[in-house]
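Values in this document were obtained by computation on a predicted structure and should not be read as measured data. Below, read A as the first sequence line, B as the second, and so on, with proteins coming before strands; counting in each chain starts at 1.
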2 protein chains.
Amino acid sequence: MNDKMFNELLESVKQAGDIRKGKRKTSGYTVIEEPDVAAIREKYDMTQQKFSSLLGISVGTLRNWEQGRRKPQGPAKVLLKIAEKRPEAILESLR
Amino acid sequence: MNDKMFNELLESVKQAGDIRKGKRKTSGYTVIEEPDVAAIREKYDMTQQKFSSLLGISVGTLRNWEQGRRKPQGPAKVLLKIAEKRPEAILESLR
DNA sequence: AGAAAAAGTACGTCTATGACGTATAATCTA
DNA sequence: TAGATTATACGTCATAGACGTACTTTTTCT
């Protein structure tokens with residue numbers, strides 16, 4: 001991956017961040033992106049135990065997320081997106 | 001990626017978790033894996049601003065990490081590892 | 001070279017998250 | 001159907017992450 005590509009990607013990340021914070025609007029309505037943790041986990045047929053160790057959190061915390069008592073923030077949300085779209089990237093980088 | 005492969009990877013993740021928690025030892029000594037945040041960031045020649053938005057944290061938090069006032073935990077550590085080994089996975093999953 | 005802007009150091013304070021524990025319910029599976 | 005595994009639900013506490021402020025260093029531009 002070259003620098004130009006890298007910076008273009010970074011720029012889009014920055015914009016996504018702005019949208020998230022409400023500084024910028026998407027066409028029409030504001031997007032609230034609360035990840036559906038249980039859905040992502042079940043997509044890969046994993047137990048809470050396994051999924052939590054994949055994310056580097058305790059089972060209790062995962063349960064807090066799935067049950068809506070707590071909300072995953074910043075890095076956890078990013079990680080969940082990766083888990084959703086590229087789970088192997090997590091697995092491989094943890095090896 | 002098939003299920004077998006996926007589960008093998010998961011197993012190795014689980015073991016890594018055990019090592020981290022001190023339940024299991026590596027050959028001889030225990031591994032303490034504190035990520036060198038500044039080093040990872042500089043590897044890609046990014047400003048704190050950009051790197052922080054990549055990780056989904058505030059610049060202040062990134063500074064806390066780099067200056068050793070706070071330590072990134074769980075999900076953030078996992079994300080840093082991905083940032084170190086597969087930065088494009090983060091960028092692409094955030095698009 | 002000198003001013004202005006950007007990037008980074010350093011730290012005080014508050015709040016919500018993450019961890020832990022306990023009790024209970026649902027779901028496999030042998 | 002009994003036991004084990006998996007998941008729901010929630011009380012409590014410690015600390016990370018966010019925010020603000022002040023100052024220093026580095027980069028950029030005229």
Side-chain angles (χ1 to χ4, degrees), chain A residues 3 6-7 10-11 13-23 32-83 90 94, chain B residues 3 6-7 10-11 13-23 32-83 90 94:
Chain A
D3 275 14
F6 200 82
N7 281 310
L10 268 181
E11 209 34 55
V13 169
K14 201 166 164 294
Q15 285 176 17
D18 289 348
I19 291 170
R20 207 163 52 230
K21 285 169 194 161
K23 289 180 193 167
I32 313 148
E33 36 128 346
E34 292 301 338
D36 187 340
V37 183
I40 298 170
R41 177 173 64 86
E42 277 153 19
K43 185 172 157 188
Y44 297 104
D45 267 314
M46 297 171 58
T47 63
Q48 291 179 333
Q49 194 76 53
K50 285 193 173 183
F51 196 56
S52 65
S53 66
L54 186 74
L55 299 177
I57 55 170
S58 70
V59 200
T61 295
L62 180 65
R63 285 169 182 165
N64 279 337
W65 291 353
E66 294 196 357
Q67 293 167 36
R69 205 160 72 109
R70 299 277 186 258
K71 290 179 183 179
Q73 73 224 62
K77 278 205 257 183
V78 174
L79 200 54
L80 281 165
K81 274 197 180 164
I82 298 172
I90 303 181
L94 285 181
Chain B
D3 274 14
F6 199 82
N7 280 312
L10 268 182
E11 210 32 57
V13 169
K14 201 164 164 292
Q15 285 176 18
D18 289 347
I19 291 170
R20 208 164 51 229
K21 284 167 195 161
K23 289 178 195 169
I32 314 147
E33 36 127 347
E34 292 301 338
D36 187 341
V37 183
I40 298 170
R41 176 173 64 87
E42 276 153 19
K43 185 172 157 186
Y44 296 104
D45 267 315
M46 297 171 59
T47 64
Q48 291 181 331
Q49 193 77 55
K50 285 192 173 182
F51 196 56
S52 66
S53 66
L54 186 73
L55 299 177
I57 55 169
S58 70
V59 199
T61 294
L62 181 63
R63 285 170 182 163
N64 279 336
W65 292 352
E66 294 197 357
Q67 292 166 37
R69 204 160 74 109
R70 299 273 187 259
K71 290 178 183 180
Q73 73 225 63
K77 277 205 258 184
V78 174
L79 200 53
L80 281 165
K81 273 197 180 163
I82 298 173
I90 304 181
L94 285 181

To the nearest angstrom, the CG-P distance between A/L80 and C/dG18 comes to 10 Å
In whole Å, what is the span from the NZ atom of A/K50 to the C1' atom of D/dT5?
13 Å
So, is B/Q48 near the phosphate of C/dG8, with a side-chain N or O under 4.0 Å from OP1 or OP2?
yes
Classify every nucleotide of nucleotides 25-30 of chain C by which part a protein heavy atom approaches to under 4.0 Å, writing B for the base, S for the sugar-phosphate alone and - for neither, in 5'-to-3' order.
------
Hits for side-chain contact (heavy atoms from CB on, under 4.5 Å) against B/D45, two or more places apart or cross-chain, chain-then-number order -> none
Salt bridge (charged side-chain N to carboxylate O under 4.0 Å, His left out) partners of residues 52-63 of chain A, not counting sequence neighbours, each pair once:
none
Here the gap from A/L55 atom CG to A/L80 atom CG, rounded to the nearest 0.5 Å, amounts to 5.5 Å
The side-chain contact (heavy atoms from CB on, under 4.5 Å) partners of B/T47 (sequence neighbours excluded) come to B/Q49, B/K50
So CD of A/E34 and CH2 of A/W65: to nearest 0.5 Å the spacing works out to 11.5 Å
Base, backbone or nothing for each nucleotide of nucleotides 13-29 of chain D, written B, S, -, heavy atoms under 4.0 angstrom, 5' to 3'?
---BBB-----------
Please give the angle, rounded to 10 degrees, between the axes at the start and the end of the helix from C/dA1-D/dT30 to C/dA30-D/dT1, where five pairs define each axis.
70°
Mind checking what makes side-chain hydrogen bond (donor to acceptor under 3.5 Å, both in side chains) contact with A/T61, not counting sequence neighbours?
A/S58
Which pair of heavy atoms, one from B/Y44 and one from B/A83, lies closest together, and at what distance?
CE1-O, 3.2 Å
Above 12 or not: heavy atoms from other molecules or residues under 6.0 Å from NZ of A/K43?
yes
I need the minimum non-hydrogen distance between B/P72 and B/K77, along with the two atoms involved.
O-CG, 3.4 Å
Rounded to the nearest Å, what distance is computed from the CD atom of residue B/E66 to the P atom of nucleotide C/dC11?
16 Å
Atom CG of A/D45 to atom P of D/dT6: distance rounded to whole Å?
13 Å
What distance separates A/I57 CD1 from A/L62 CG, expressed to the nearest 0.5 Å?
4.5 Å
Roughly how far, to the nearest 0.5 Å, is CD1 of A/I40 from CD of A/E66?
9.5 Å
Check the distance between C/dG18's C1' and A/K77's NZ and give it to me in whole angstrom.
16 Å
